[in-house]
Q: 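Dumping the structure here so I can ask a few things about it.
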Amino acid sequence: MSPEAPGHIEIREQRDQVEKDILTSMKKPSLLFLACLGFTVALATVLLACWGYQIKTGLIVSGKNHPVGWYMYITSFVFWVGIAHSGTLISAILYLLRAGFRKSFNRSAEAMTVFSLMVAGMFPLIHLGRIWLFYWLMPYPNQRQIWVNFRSPLIWDVFAVGTYFTVSLIFFYVGMIPDLAIVRRCSDGFKKRIYSVLSLGWLGTPSQWRHYNQLYLLLASLATPLVLSVHSVVSWDFAMSIVPGWHTTIFAPYFVAGAIFSGTAMVILLVIPMRRMLSLEKYISVDDFENIAKILLFTSLIVTYSYIVEFCLAFYSGNIFEETVYKYRVLGDFKIMFWIMIFGNSILPLTLFIRKLRRNLPYLFVTSIFVIIGMWFERFVIIVTSLARDFDPYNWGIPNLSIIAIGIVLGSFGLFFMMFLLFVKLFPVLSITELKEKLE
Amino acid sequence: MKKHIIPIILLGYFGLLFLLLIGLETYWYLYEKPQSQPIAFSHQIHVLKMTLPCDLCHMYATKSISAGIPSVSKCMDCHRAIATDKPEIKKILKYWQNRKPIPWVRIHSLPDFVYFSHKRHLKMGIDCSECHGDVKAMATIRKVRSLKMGWCITCHKSRSAPTDCLTCHK
Amino acid sequence: MHRRDFLKIMGVASSSTLMTSCDLEKQSEKLIPYLLPPEEEIIPGQSIYYNTTCTECPACCGVSVKDREKVYNNMRGRYPVKLEGIPGHPVNDGTLCIRGQASLTRLYHPDRIKKPKLRDSKGNFIDIDWSNAYSQILDALRESNNGGYKNIYLSGRTTGSLSDLIDDFCKRTGIERAAEFEVYSHSAIKEANGILFSKREIPLYQIDKADYLLTIGADILETFISPVSNAVRLSHAKRKSDFKWFHIEPHVSLTGFQACEKFTINPGTEVYLLDFLLKNMLNMKLYKKRLPEEVVKYIPDFSQEEVSSKTGLKLASLYQIADQFKKAKMPLLIAGGISTRHSYGLETAVLTGLIQWITGMTDSVIDFSRAENYSGVGTMVQMEKLSNRLSNNEIGVIFIARTDPSKSIPVSYFFKENIKKAKLRIGLSDLLTGTIKECDIILPLSHTFESWGDANPRSGLKTLIQPALEPLFKTLSEGDILLHLLKGDLKDLPFRNFQEYLFKKWNENYGKALTEEFLKKGYYEESVPKKEIRLDNKSAVAFLKNIKTLDRIAKPVLVVTPSIRSFDGRSSVLPLLNEIPDPLTTISYGQWVSVPPKTAKSLMLSDGDEVEISAPGLSARLPVKVQPGLPEDTFAIHPEMLSTQVFQADKRSGEGVCYLDKIKIIKTGASVSIPVLSGSMSQKGRGIVPNPVNKKREYDRGWNNMYPEHKHKDYRWAMAVDLELCIACSACVAACYIENNVPVVGKRHHLMGLEMSWLRVEPFFNGHGKCNFVLMLCQHCDYAPCEPVCPVFASYHNPEGLNIQLYNRCVGTRYCSNNCPYKVRRFNWFDSQWPEPLDRMLNPDISVRTKGVMEKCTFCVQRIREAHDTAKDESRKIRDQEVVTACAQTCPTNAIVFGNILDKKSQVYKLAHSERVYRIFEPLGTEPSVYYLRKKGDKNES
Amino acid sequence: MLIVDKYILPPSPEHFLILKYILILMLMIHLPFVSMLIGGTFFSVVFNILDKKKQNRIYLNFANDLIDTVAVNRSVGFILGVVPMLVVTLIYTQILYTVNVSAVNFLIYSLILLLLGFTSLYFYKYTFHLREAVFGVHIFSGILGIIFFLAAYFIFSISFSLLLDPGEWRFVKNPVELISYWNAVSKYLYFIVSSLAITGGGILFFFFHWSERKIDHDSEYSGFIKNFGLILALIFTLLQPVLCLWNLATLPEIAISQEVFGFSAIALFLSLVISYMLCAMLKNPEKKLGVHIFSLFLLTFLITALNDQTTFYNTIKEHIVLMAVRAEGLSSELKIRELTGAAEEAQVNVKKGEMVFNSICSACHSFDRRAVGPPFKMVLPKYQNKEDELKTFVRNPSKKNPGYPSMPKLGLKEDEIASVAAYLLQRLQTESQKQDISK
């Protein structure tokens, strides 16, 4: 054994440093953290309470009516599925593109994907009239000898979201295995046991690494098409119908873009405070934020473009039904929401052309909040306005404001953030191994 | 503690299973156990021994969707004279005198969203026993067919009867 | 997985935590036998029909009550579940109106009086038993007789044997029978006919014979005398090619919008118009000689300009109306309703009578021999007298039966106060109405469907009243009550109850055979001798002499228009009639005042703004509904909108005035939310009612379908709705509600936009103050948008072309409703309630939908199933018109036709291939099975 | 079935009871044996192959000993394996010969498969000494045997669970239709699991208690076996009750009765005891509980057999009643014959008529009193020597006397009607004669 060269030594030190820093983030939670956790938990309980009440009394409490049969729940469903997307985008696609800044976001993005999908998956159930029969939506052999209707976009949803959830969960988990091994090494007692189970006996032998990388690449390339497919399918829930304002060919790309847009915003929203709380400035640099801000800007431009196209389609169609709906969107009962959406999704992001603002984290933070609100309203506007002004004028009507529905929607945010906070404390928020690799 | 761990685990495991068993039994007791009737009426005696035809009492089976449960007076027709000393028969008399219908417990019941016509099935020449089993041999009536949708469908298919949902659902 | 399996798992899961009670009650489901076998013809599980008479309004339509047997609190019994008209009945010929359909909910009304009540010392009611009530009454009668008081028997319109019995009763017990009270007594017409032809009667208007109908104010399709019969006759008339109908009224009514031409006249100026017409007639020699000179001489003479300016009608329209008269071979003029309910009502009626006379209507289309039986009905004047007598403490015991005058006679009579002065007030009623609340003893009346009787709507026609169920509560029919009272008085009554009384009478009058037939058919029509009508010149002259120039009713004016839903307000107590929106305003619950658009603009009023209407003796706060087509400064309300009747009565005709002029309207600034069900008063140019120009189908499904086309082997059910005949009376809606167990959800939910109606009448107003009504129900599309989107096949297309909704399969995604261009699907947002005893009304052939389930029109699939059943028994196919949906069945004008469109000989096939046919939203390619027939020569923008 | 009808006397209720217990006995001796056979063979083959791979003597010995132990010799195999199965099949055929259910045919299939299984199994056993030479064939025969057995008992359990659901009898025509039939699946799995469990128990018993083998002076080998046996037994004993419950949950309504739950409870308890013993043995290998454990296993099998038969008998309750009635009918026929000796038909006929009268008519009619129906001496005379009219009336009665409820249409057979008519008229004569005499 020859004595190691000094270079090696400091690399080793740096490595240990990395390990320490990341792992310290998993140590004892701060008071602020606990406060946040408490708040989110409270919100989540609100969700459960409201949901329970709704099941008991029936959907009358959800503010929907005739003609507006879909309201906040489906809005939130689409929204949350959308949020999920950028997770896959960042971790899978950027991985394939070997984008450097990925490493700062991928873990939290993947976590976000999984959690938001959990939340999203909840909403179709919440919105069911008879939730106790939800299993009728799954195709399985039964004594009744009847199957589901495979023509219905809702069934496609079941599959799309289901697949997406499984894949992204596996992707998330597989990505974490080496880090879990490290955590196992540095923890003891009961914790050690858990982590050793989780890390599936990872030793980091070259052969393991070889297999691991192959698997990861495979999963990444599996997940990539899903980014496009899943939200296209979700968008078909609307595009496949004949409702004016829904029945449009551009919906699939339009929704995907929107999804990535909102997702990216959410990532920024999550990572900026996380960076502060866990003091990871060293690893998540401002440049990384600038890069991701570029994605935000880019997708915002696409979304804006689709808005314009949408209106042009309505205008050129000369179809009275379409025209009415789009006029109604701009000037009708929900115009405030529409204009907030325009501001949040199209105007505000334009400022990101300025480099200074791109690199200004507080500004980014605020922007992404606006984007998220805007995106929620986008879905809301699309769904509600189209239903409120459809074919037969006799049926025109607007839904009722509902505390329960709002409670559930807010609760869903609570649930999401709760899960994320827990994740922050239980798992390494940055991929230690990748950071180490970068040191060589 | 350490040395008792195994029995505890075992007991816990089996205890759980036992609970499940109790659960099943409760369910059976509540839903599937043939309920005791207000009067211990025996089809065995009436049909098997006395060879009375079904439609003597269930007189609407061939005319209507419901087979019809015989009116108390129907029972009285014969039991004014027959076996009047038996305690069960006395019960009928009591109901009759108090002008109260006999609250038979329903054994073959379908959900109220199901449309089933006895008439149609009998007109198709389907024997009562296809769905009710060998009632004539039952001392106390009991349900011998699941009467679930799958079962109905199987039979409908096998006889190429209509399987449009509307045939049976309302 | 099956629900019970699910439960099984639950059972296992909850075994440790014990079973809940709801599970326990599930297991003990009972099977209740009859005590005695039902009569021969009755088969459990099948419906039986009883022919009887509807008494919701005085028209006395014949209804056959559909009974089904059910089990309630462990007793098997038979309960009415639906009402249908008696086919071939002289009045309504198998059809019913909205009120008739809804009258079933009066039978099952949760607030019905269940026991006799007595007002105790503290002034609140206590239940007593009948014998007690009788003795109390008899004692009181004896007392007041001794005390030298007069006793009064006041009732609503009463005909047939009951009326005779009341007379008999009054004679025997020394009670004076007051004239019957009806708000719409039509006494002006009676008066006028008395003056002209010395016949104080309301003749039978044979609209079906006429080829030109001119109605002035008479809302013949809503409340005028016998609306259903009018509608039936009108539909016959409309089927003739050359039929014309002009309607003239000072406001807007449903009837008005159905006429070919509708003119708006200033309130109270009908006399001018009629005078103008009359003079026109006289210019024709053919008519001239019908009127002797001395009469002609006294006909007031107005210049046509004056007429035009007074009435507000253009000269052109005046002549248009008059010329139609000349053209017509068989003209018919009806003036009544709102046009005779003002201080010149009598003049109006008299001039009308003159025109009817000289044009010879009186011996062709107007039949006095079959006069409507309003003989017993009194006037407001008589009520005033009665009120005065009450106030003078002349009255000892007063009976008030089946009527609620205190609400609908002028407050200035102080009836409500005076009635308290009677020594004993006895109310006979089924519900606690305003007047009945004032009584000391309340005797609960059985509903018509619970009691025996007969009615006599017009001379020469007797209709049967027979029970269709055992009384739900401890109630008796009026006849029985009276007989009981008599029995207490004298022992020698030859009959034990009213039924025996009736049978005895019938057997005497018709003999056995006819009685049998009467009981079977439900009515008996005897031929009546033609009455000779001649003009009584002297009295005519006497009257004409003192017609002076009239002072007009000054605008702004408040008009109380009768309502098709509540008649004179009496039916507004039925929940169903509040649930079904008023066809014109589409407002379901609550009060409102209709305001003309122009005035609304000037006062800056919009729907829901509260206004204060003030006039001498009146100050009411009502929310506004802007009503297109309403003439300027005319405000319209329905009788039930005002708590008290501030209007005066006309001394001569004795009719209540329904105008209140020189009113003030002030915007209070408050705004009330009123359930306006329609999202838009206009169709926004969507061609739901197209104009004749685009009658050709320019939309053909050019594209071809990815999925296999539907095959329909023997049947494809379809419906045709003739908008020419449809009068938007909403009877179909009511029928649908009751036939299909559609829940009544109440005002709160209507405000939230959660109404459940499967079938609705959509009014669409166009720029020119015209209105088109469209019947909207599930279109049972061949390529239904709702079908492919349902994830669980709860909505699917069945082999007979029906678009099925399977309630027990539905999981409630509501996608189908979103995707339905006609928005005819209704979602159960909560478990709907059926308060006792309304739950007995539920139709057992359809499941009651639970919360979380989508529902919609099924083309009355239960009736189709029934028809299939009988057809199979006779091993044949279903015949045309064997299946009639509830809506088609009840339609007074037979505008709805249902049938199998694959059958080339079926009516619906013929209609679906008429040149007027079109389907709604055809460009969407949904291929609906509901075909609409455009109005003839309809001129409105699409 | 007609021929059968003629020649087989339908069994009486007692007979059914006997059959039940024979069934239980048969299954009791049969099932444990085949279970161990299957388990043993399976592991023998496994270890056989393992030895081939790893060249480990212990495996080989174990494989050899296992197969020797479980498949004792041909005669035993035949007596414990084939005969009971045959008997069981026969019994089911006898019980159900009047109803149209294909389960019985299924049983025959499984019997055939069983035979095939045995042949290939014994082939495997007797080629053991020359396994080096023909390893392929040898192993293949073993595997084949297992497959045959599994197939056989799959069909067996399927047909049994079919027997428990009369609703399906009309529709199920071949075993494959039942693969998705939950109860069948659960029963089958239950069988597999318990067979593996008892195999474990068997190893413990036969290797350490039954016959003192060479294992004593080969501690490594015995230790290995013991451990293996224990673990095997423990795992599957713990699984057993789960499947037992599953089976219970999937049983059709009619098969269930209070006892069924009782039996399951006992089974549960037994497996608790067994597993406890096993754990104890695992803790200290010196304990010698093999006998108890094995006997308890046998007990469990007994309980299971009892349970199954109870369910089966619950299901065919009505069927039994009907059979009993048939039996009575026929036997009474015979009785009459021997009573009247070789008397002429008419005599027999009248006697039969009397019986019918006593059992049925007498409920509503008596000869000289008014009951529900009128007294015979009032209504009969009009049928004097008009026997056919009387028959037609009995065949489908019509309301005659206003004073009485109309007589129901009875489900009498032609010959019964004839005989009862004959009897009545004869009785009438005798009665009238009596009166003449008395006069």
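All figures in this text were calculated on a predicted structure; none of them were measured in a lab. Convention: sequence-line order gives letters A, B, ...; per-chain numbering from 1.
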Q: How about C:Arg686 and A:Thr324: do any of their side-chain heavy atoms sit closer than 4.5 Å?
A: yes
Q: When you measure from the side chain of A:His66 to the backbone N and O of C:Lys823, does any donor-acceptor pair fall under 3.5 Å?
A: yes
Q: Output the option from C:Asp831, C:Leu677, C:Thr586, C:Ile920 having the highest count of non-hydrogen pairs under 4.5 Å with chain A.
A: C:Leu677
Q: With chain C, which of A:Pro393, A:Pro153, A:Gly69 has the greatest number of heavy-atom pairs at distances under 4.5 Å?
A: A:Pro393
Q: Relative to chain C, which segment of A:Tyr73 carries a heavy atom at a distance below 4.5 Å: side chain, backbone, both, or neither?
A: neither
Q: Can you say whether A:Phe321 sits under 4.5 Å from chain C via the side chain, the backbone, both, or neither, judging by heavy atoms?
A: both
Q: Mind ranking C:Lys851, C:Glu762, C:Met681, C:His749 by heavy-atom pairs under 4.5 Å with chain A and telling me who comes out on top?
A: C:Glu762
Q: For residues 117-128 of chain A, dump all side-chain donor-acceptor pairs below 3.5 Å to protein atoms at least two apart in sequence or in another chain.
A:
residue  : atom : partner  : partner atom : Å
A:His127 : ND1  : A:Pro124 : O            : 3.2
A:His127 : NE2  : A:Trp70  : NE1          : 3.3
A:His127 : NE2  : C:Thr813 : O            : 3.0

Q: Picking from C:Gly812, C:Pro788, C:Ser680, C:Pro791, which has the most non-hydrogen pairs under 4.5 angstrom with chain A?
A: C:Pro791
Q: Side chains of C:Arg760 and A:Tyr394: closer than 4.5 Å at any heavy-atom pair?
A: yes
Q: Check whether C:Asn819 reaches the backbone of A:Ser241 with its side chain - one donor and one acceptor, N or O, closer than 3.5 Å.
A: no
Q: Excluding sequence neighbours, so at least two apart, what forms side chain to side chain contact (heavy atoms under 4.5 Å, CB included) with A:Lys335?
A: A:Trp339
Q: Non-hydrogen atoms of chain A under 4.5 Å away: do they reach the side chain of C:Met776, the backbone, both or neither?
A: side chain
Q: By a 4.5 Å heavy-atom criterion (distance strictly below it), what part of C:Phe827 contacts chain A: side chain, backbone, both, or neither?
A: side chain
Q: So which of C:Ser817, C:Cys810, C:Cys820, C:Pro785 has the largest heavy-atom pair count under 4.5 angstrom toward chain A?
A: C:Cys810
Q: If you tally heavy-atom pairs under 4.5 Å against chain C, which of A:Val61, A:Ile146, A:Val68, A:Leu133 wins?
A: A:Ile146
Q: Does any heavy atom of chain C fall under 4.5 Å from the side chain of A:Trp147, the backbone, both, or neither of them?
A: backbone
Q: Relative to chain C, which of A:Ile242, A:Val243, A:Ile155 shows the most heavy atom pairs under 4.5 Å?
A: A:Ile242
Q: Heavy atoms under 4.5 Å from chain C: which residues of residues 46-60 of chain A carry them?
A: A:Ile55, A:Lys56, A:Thr57, A:Gly58, A:Leu59, A:Ile60
Q: C:Arg809 and A:Arg144: side chain to side chain contact (heavy atoms under 4.5 Å, CB included), yes or no, with the steps?
A: CA-CA 11 Å; C:Arg809 176 67 173 167; A:Arg144 274 175 259 97; 3.8 Å; yes
Q: How about A:Phe150: does its CZ atom have over 12 heavy atoms from other parts shown lying under 6.0 Å from it?
A: yes
Q: Under 4.5 Å from any heavy atom of chain A, what part of C:Val761 do you find: side chain, backbone, both or neither?
A: backbone
Q: Does A:Asp392 reach the main-chain N or O of C:Pro821 with its side chain, forming a donor-acceptor pair under 3.5 Å?
A: no
Q: Are there over 12 heavy-atom neighbours, none belonging to A:His247, within less than 6.0 Å of that residue's NE2?
A: no
Q: Please output the residues of residues 395-410 of chain A in contact with chain C, using a heavy-atom cutoff of under 4.5 Å, in numerical order.
A: A:Asn395, A:Trp396, A:Asn400
Q: Pick whichever of C:Val824, C:Asn828, C:Asn818, C:Val789 has the most heavy-atom pairs under 4.5 Å with chain A.
A: C:Asn818
Q: Give, as side chain, backbone, both or neither, the part of C:Tyr796 having an atom under 4.5 angstrom from any heavy atom of chain A.
A: neither
Q: Under a 4.5 Å cutoff for heavy-atom pairs, which residue among C:Arg825, C:Glu755, C:Glu787 has the most contacts with chain A?
A: C:Arg825
Q: Would you indicate whether the side-chain heavy atoms of C:Thr850 and A:Arg130 approach each other to under 4.5 Å?
A: yes
Q: Rounded to the nearest 0.5 Å, what's the gap from OG on A:Ser152 to CZ on C:Phe793? Could you check?
A: 9.5 Å
Q: Can you tell me how far apart CG (A:Asp390) and CZ (C:Phe921) are? Round to the nearest 0.5 Å.
A: 7.5 Å
